[in-house]
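Here the structure is laid out as structure tokens; the discussion comes afterwards.
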There are 2 protein chains.
Amino acid sequence: MSQHRHPGVPGRAGAVPALPDLPEATVARLPEYLRALHNLADTGYETVSSEGLSAAAGVNSAKLRKDLSHLGSYGTRGVGYDVALLIEQIENVLGLTQRRAVALVGVGNLGHALAGYDGFAGRGFRIAALLDADPSRVGEEINGLVVRHVDDLPTVAAEESLAIGVIATPAAAAQQVADQLVAVGVTSILNFAPCVLSVPEGVDVRKVDLAIELQILSFHEHRKASLTALPATGGSALTALPGGFAATDTQEAIGT
Amino acid sequence: MSQHRHPGVPGRAGAVPALPDLPEATVARLPEYLRALHNLADTGYETVSSEGLSAAAGVNSAKLRKDLSHLGSYGTRGVGYDVALLIEQIENVLGLTQRRAVALVGVGNLGHALAGYDGFAGRGFRIAALLDADPSRVGEEINGLVVRHVDDLPTVAAEESLAIGVIATPAAAAQQVADQLVAVGVTSILNFAPCVLSVPEGVDVRKVDLAIELQILSFHEHRKASLTALPATGGSALTALPGGFAATDTQEAIGT
DNA sequence: AGGCGCTTGTGAAGACGTGCACAAATCGCG
DNA sequence: CGCGATTTGTGCACGTCTTCACAAGCGCCT
């Protein structure tokens with residue numbers, strides 16, 4: 001992500017559609033806000049305060065206000081934010097106005113699950129193609145889509161403009177698939193394979209790894225166990241539970 | 001995580017097994033190092049330099065050294081790190097020496113895939129139970145395990161000590177399941193449902209959300225498109241590709 | 001034994017993210 | 001019309017994370 005921005009870049013800045021250059025941490029939270037906003041809209045809310053929205057999204061209210069302030073001033077002091085307007089603005093910034101075509105490579109265990117996931121269509125994405133390297137899987141129909149061979153990628157890419165590639169193959173195949181995706185012009189990859197991908201500059205890769213998440217949890221579990229096993233030396237680590245439950249954030253995410 | 005550490009806490013410090021109190025960012029990267037180390041070990045490496053390991057894990061070498069220095073000094077200057085020793089130390093810190101029991105709730109599309117995922121057994125975890133609220137799913141056998149009703153959780157927890165709960169239910173059911181998990185003593189939850197969970201203090205929640213990852217990628221895609229549509233005003237955003245490919249990190253995230 | 005090249009471990013500086021606390025702005029009511 | 005209640009937007013301070021650059025340490029070769 002070597003994206004610099006010169007403080008006072010001259011030229012006709014302002015003619016451009018804003019291009020807000022948001023902090024990465026903010027970008028990572030916007031989808032969460034968006035989901036909370038959709039929930040609120042479905043429940044009939046027309047406006048919402050930063051306090052209310054932040055609670056629904058599980059973050060600090062000051063953080064939420066600062067995040068939203070980066071998109072511009074879409075709130076009204078003393079009132080709150082217009083739900084519909086804010087949804088529109090966030091979708092705008094995230095580029096969800098156009099339905100992006102996703103190519104899913106690897107229709108094994110996980111691939112099947114992803115192909116059946118309705119979160120794709122629900123939020124601005126459309127599975128454009130299912131691909132696999134295993135000839136015995138080619139031709140299979142999943143959720144109305146026929147699995148094609150991964151070597152057909154160029155053909156698929158020619159048929160429609162692929163925006164995002166999802167890799168759900170075994171680790172051994174992932175790098176080769178990534179290369180093929182990059183070769184047909186894909187510049188964003190979501191990698192479910194447990195391995196590091198090498199891609200040229202300008203291509204974004206995000207990784208989702210179940211084992212890593214479990215191991216991080218394991219660490220905290222381990223630490224909690226060590227603490228309770230200890231006599232109460234010093235600070236009250238595990239203080240009495242407060243009356244109400246509080247939404248935790250447990251740092252980002254994924255994220256990284 | 002409200003974990004303080006008094007600089008010079010007296011008492012019999014040192015009797016305790018170190019309890020390193022690692023930075024969260026470091027913890028999130030350790031599993032990646034661990035995987036890279038296992039790969040190296042399988043390939044016959046006995047030692048590895050920070051440069052080599054960092055390349056395999058897709059991070060900066062200085063970052064890797066600082067991360068490892070938090071665990072103690074397990075490297076040899078002029079030589080590198082002993083692969084086997086480092087694996088042992090990291091597994092130690094992450095608490096992977098004991099095989100932790102995982103309860104998986106929700107055996108729908110995604111739950112099936114997770115139940116069949118071999119990354120569990122591979123790295124210190126064991127699926128102890130499959131649970132679902134749908135009576136028509138109860139009794140089904142997946143991968144050698146029989147699906148039980150989620151209300152049997154207390155019984156399951158009594159049979160063996162559950163360390164981690166994985167929620168793969170629809171969003172509407174997730175909070176209730178989380179409450180049930182917490183009620184039987186689970187203090188670490190991995191949530192695949194697209195919603196925010198409220199849990200008492202002391203319970204860790206990590207979230208994995210496909211739609212969020214896609215939307216983050218969408219943002220970058222959107223931004224790249226805006227940039228290339230622009231004339232070359234100012235900085236060379238998309239510079240010429242360098243000769244070789246470089247491993248990107250794109251933060252974690254999982255977190256990220 | 002001594003010197004040389006390589007690699008770790010870390011101090012320091014800077015970038016980034018977070019949260020408090022408050023001024024500015026808006027609405028509703030008397 | 002003015003006032004108070006409410007809520008946004010943000011300046012500031014603080015903590016965390018990253019990166020550079022280099023001293024300290026280790027092994028090998030002569």
Side-chain angles (χ1 to χ4, degrees), chain A residues 1-7 20-30 32-33 45-55 57-83 85-86 89 246 248-256, chain B residues 1-5 7 20-30 33 45-55 57-83 85-86 89 246 248-256:
Chain A
M1 300 282 171
S2 52
Q3 212 59 39
H4 293 281
R5 218 261 260 259
H6 306 255
D21 202 17
L22 306 170
E24 192 59 34
T26 296
V27 174
R29 282 186 295 264
L30 285 182
E32 197 72 62
Y33 301 159
Y45 280 82
E46 301 223 334
T47 63
V48 64
S49 70
S50 67
E51 203 68 45
L53 181 53
S54 69
V59 302
N60 186 302
S61 74
K63 201 187 316 199
L64 178 126
R65 285 200 300 276
K66 188 152 291 189
D67 282 342
L68 294 188
S69 78
H70 285 124
L71 323 181
S73 274
Y74 295 113
T76 308
R77 293 162 131 104
V79 177
Y81 298 91
D82 182 295
V83 173
L85 175 63
L86 200 48
Q89 290 304 325
T248 58
D249 43 342
T250 312
Q251 97 113 317
E252 53 123 348
I254 105 160
T256 241
Chain B
M1 305 298 172
S2 53
Q3 212 58 40
H4 293 280
R5 216 266 258 257
D21 202 15
L22 305 172
E24 192 59 33
T26 296
V27 174
R29 282 186 294 264
L30 286 182
Y33 302 158
Y45 279 83
E46 302 222 336
T47 63
V48 65
S49 70
S50 66
E51 204 68 44
L53 181 53
S54 69
V59 301
N60 187 302
S61 75
K63 198 182 331 197
L64 178 126
R65 284 200 301 275
K66 185 147 289 191
D67 282 341
L68 294 187
S69 77
H70 286 125
L71 323 180
S73 275
Y74 295 112
T76 308
R77 292 163 132 104
V79 178
Y81 298 92
D82 182 297
V83 173
L85 176 62
L86 201 48
Q89 291 305 326
T248 58
D249 42 342
T250 312
Q251 99 112 314
E252 143 19 73
I254 244 317
T256 248

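Just so we're on the same page: letters track the sequence lines, and every chain starts at 1.
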Give the angle between the helix axes at the two ends of the helix from dA1(C)-dT30(D) to dG30(C)-dC1(D), taking five base pairs at each end and rounding to 10°.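 For the helix from dA1(C)-dT30(D) to dG30(C)-dC1(D), the axes at either end differ by 10°.
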
Quick one: closest heavy-atom pair of [X] and [Y], and the distance?
| X | Y | value |
| --- | --- | --- |
| Gly75(A) | Tyr81(A) | CA-CD2, 3.4 Å |
| Asp82(B) | Leu85(B) | OD1-N, 2.9 Å |
| His70(A) | Pro23(A) | CE1-CG, 3.8 Å |

[X] [atom1] to [N] [atom2], straight-line distance once rounded to whole Å:
| X | N | atom1 | atom2 | value |
| --- | --- | --- | --- | --- |
| Glu51(A) | dG9(D) | CD | C1' | 15 Å |
| Lys63(A) | dC12(D) | NZ | P | 22 Å |
| Asp21(B) | dG15(D) | CG | P | 15 Å |
| Leu86(B) | dT8(C) | CG | C1' | 13 Å |
| Tyr33(B) | dT8(C) | OH | C1' | 15 Å |
| Leu53(A) | dT7(D) | CG | P | 14 Å |
| Asn60(A) | dG19(C) | CG | C1' | 6 Å |
| Asp67(A) | dT8(D) | CG | C1' | 14 Å |

From [X] atom [atom1] to [Y] atom [atom2], the distance as rounded to the nearest 0.5 Å:
| X | Y | atom1 | atom2 | value |
| --- | --- | --- | --- | --- |
| Tyr74(B) | Ser69(B) | OH | OG | 12.0 Å |
| Arg29(A) | Lys66(A) | CZ | NZ | 11.0 Å |
| Arg65(A) | Ser49(A) | CZ | OG | 9.0 Å |

Listed partners of Thr47(A) passing side-chain hydrogen bond (donor to acceptor under 3.5 Å, both in side chains), at least two apart: none

Applying side-chain hydrogen bond (donor to acceptor under 3.5 Å, both in side chains), can you list everything that pairs with Thr26(B), at least two apart in sequence or on another chain? Asp67(B)

Just to confirm, is there a sub-4.0 Å distance from OP1 or OP2 of [N] to any side-chain nitrogen or oxygen of [X]?
| X | N | result |
| --- | --- | --- |
| Tyr81(B) | dG9(C) | yes |
| Ser73(B) | dG9(C) | yes |
| Thr76(B) | dT8(C) | no |
| Ser49(A) | dT7(D) | no |

List the steps and the verdict of side chain to side chain contact (heavy atoms under 4.5 Å, CB included) for Leu30(B) and Leu22(B). CA-CA 10 Å; Leu30(B) 286 182; Leu22(B) 305 172; 3.8 Å; yes

Tell me which nucleotide among dG27(D), dT19(D), dT18(C) gets nearest to the side chain of Ala25(A). dT18(C)

Residue whose closest nucleotide on DNA chain C lies nearer the 5' end, Ala62(A) versus Ser69(B):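 The residue whose closest nucleotide sits nearer the 5' end is Ser69(B).
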
Step by step, would you call Leu53(B) with Val83(B) a side chain to side chain contact (heavy atoms under 4.5 Å, CB included)? CA-CA 10 Å; Leu53(B) 181 53; Val83(B) 173; over 6 Å; no

For the pair Tyr33(B) and Leu68(B), evaluate side chain to side chain contact (heavy atoms under 4.5 Å, CB included) and give the outcome as yes or no after the intermediate values. CA-CA 10 Å; Tyr33(B) 302 158; Leu68(B) 294 187; 4.3 Å; yes

Pairs under 3.5 angstrom, nitrogen or oxygen only, protein versus nucleotides 22-24 of chain D, please.
from: dA24(D); atom 1: N3; to: Arg77(B); atom 2: NE; distance (Å): 3.0

By side-chain contact (heavy atoms from CB on, under 4.5 Å), which residues pair with Ser54(A), not counting sequence neighbours? Val59(A), Ser61(A), Leu64(A)

Taking only N/O atoms, report every protein-nucleotides 28-30 of chain C pair under 3.5 Å with atom names and distance.
none

Each nucleotide N or O in nucleotides 12-16 of chain C that has a protein N or O under 3.5 Å away: list the pair and distance.
from: dA12(C); atom 1: N6; to: Lys66(B); atom 2: NZ; distance (Å): 3.1

